[in-house]
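Before any comments, here is the structure.
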Amino acid sequence: MNREHEPSIAASPTGDPYLLTPGPLTTSATVKEAMLHDYGSRDSYFIELNQRVMTNLVNMVNGQDTHVTVPLQGSGTFVVEAMIGNFVPRAGKLLICINGAYGHRIAKMCDYYERDYQIQESSEDVPIDVAVLNETLAQDATITHVAAVFCETTSGILNPLKAVADVVEKHNRGFLIDAMSAFGALPVDSTQIKFDAVVASSNKCLEGAPGMGFCIARQKALEKTQGNSPSLSLDLYEQWVTMTKTRQWRFTPPTHVLLAFDQAIFEFLEEGGVAGRGARYQDNCNTLVQGMREMGFRTLLPDELQAPIIITFHMPTNPEFEFDHFYNHLREQGYVIYPGKLTVAESFRIGCIGRLGEQQMRGALNAIRNSLDSFGITGKVS
Ligand SMILES: *Cc1c(COP(=O)(O)O)cnc(C)c1O
């Protein structure tokens, strides 16, 4: 017997509320349907499918001749941690560019793994300062690697990936990228940007189900990481060697997640890859920001720093506005938003990624208008 799903007013084709969050996200009905099969990890169909997913992922960075995909079970954080543990050797030193919670999380990983590190921090609404980075690398030859977050999901800010990569390359250090919330929507092209590793997951802009991450590594850099990993299950080198030899994952693969991921990538390619997906998200972002501004909401970031992924809005100061009621009221209307995670300001966030388009963005704006009306805020919120 199926469990009853809670009905909501605006519902996706499978009756679920729309997720305007940084993940997990709304997926297409066909992606969900792809999971209705059981495959053993040695099944030849599954092995072919797995191979196709890995190849498609490396193609997304234009790295078919130089790079390899190493998948990993778990949420996105697992593969970020795996990247840090594998690529920064015990005697290495990592410079972490931080402007949000995900950068801080990388520093915490270094604490756990006892890897030497240094941080270059800017405020959550300020992008990475490339001149400062250049200066630091020029002065400190002990720094072996630099880590940066592409879209810092904490605020939704877009960091200047290409400029950072160019400085790191100029100083001949390894570059490690957390592109979790942008991969698939914003280009990460290995022929334009030099990096040792980039990580992302199945369930953000690629619109698959949550449950696995992947690392796309420059093969020459990955080959040098044997024995670095302080963790058995997060050892990307061993995962890669095993998969190269046996075409299988080292431990139980998340088979259903891979079935969904293969379908999700098919839909991604049909949409026109990064260009097509990025354009839909940009439209979503524009619709949302414009509609919210018309109601009096203010964005944290100026438009030129805003990635089309998730938007941070200042918390209104109207005494009638109450966030928990607002959140619940939107949820009842079928739209799930996200609380803020900033330290600089009271805020909340609305995502524009996942299987959402113009219709869902307009629906969310209408629901927000309804909520303001229900608070007795009839004009603009302040
Ligand atoms: C989502 C995200 C992660 C991973 O988060 P999980 O909750 O572990 O999936 C890491 N970095 C960034 C920038 C993210 O947006």
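Just follow the structure's listing: the first ligand is 1, and inside any ligand the first atom is 1.
- Every atom of ligand 1 is numbered from 1 in the order shown, and the set under 4.0 Å from a heavy atom of Val149 is 13 (C).
- Between Phe348 and Phe321, the ring planes are parallel. Angles under 30° get that label, and only those over 60° would be called perpendicular.
- Ring geometry, Tyr237 versus Trp240: the interplanar angle exceeds 60°, so the pair is classed perpendicular (tilted spans 30 to 60°).
- Contact check on Lys220 versus Asp196 returns no salt bridge, with no Lys/Arg side-chain nitrogen under 4.0 Å from an Asp/Glu carboxylate oxygen.
- By the 6.0 Å and 45° rule, Lys108 does not stack over the aromatic ring of Tyr113.
- Of all protein heavy atoms, the one lying nearest to atom 15 (O) of ligand 1 is Thr153 OG1, 2.4 Å.
- The shortest contact between atom 1 (C) of ligand 1 and any protein heavy atom is with Lys204 NZ, 1.3 Å.
- On a distance-only criterion, Gly76 and ligand 1 share at least one N/O pair closer than 3.5 Å.
- When heavy-atom distances to ligand 1 are checked against a 4.0 Å cut-off, Asp178 comes that close only through its side chain, counted from C-beta outward.
- The protein heavy-atom contact nearest to atom 5 (O) of ligand 1 is Thr77 OG1, 3.5 Å.
- Taking the charged nitrogens against the carboxylate oxygens, Glu48 and Arg247 do have a contact shorter than 4.0 Å, which makes a salt bridge.
- Taking the six-membered ring for Trp and the full ring otherwise, the centers of Phe261 and Phe268 sit at least 6.0 Å from each other.
- Taking only nitrogen or oxygen atoms, main chain and side chain alike, Ser75 reaches within less than 3.5 Å of ligand 1.
- Atom 3 (C) of ligand 1 has its closest protein heavy atom at Met180 CG, 3.4 Å.
- Residue Tyr338 places its OH atom among 12 or fewer non-hydrogen atoms of other residues, nucleotides or ligands, all under 6.0 Å distant.
- Applying the 4.0 Å criterion to heavy atoms of Ser181 picks out, from ligand 1, the atoms 15 (O).
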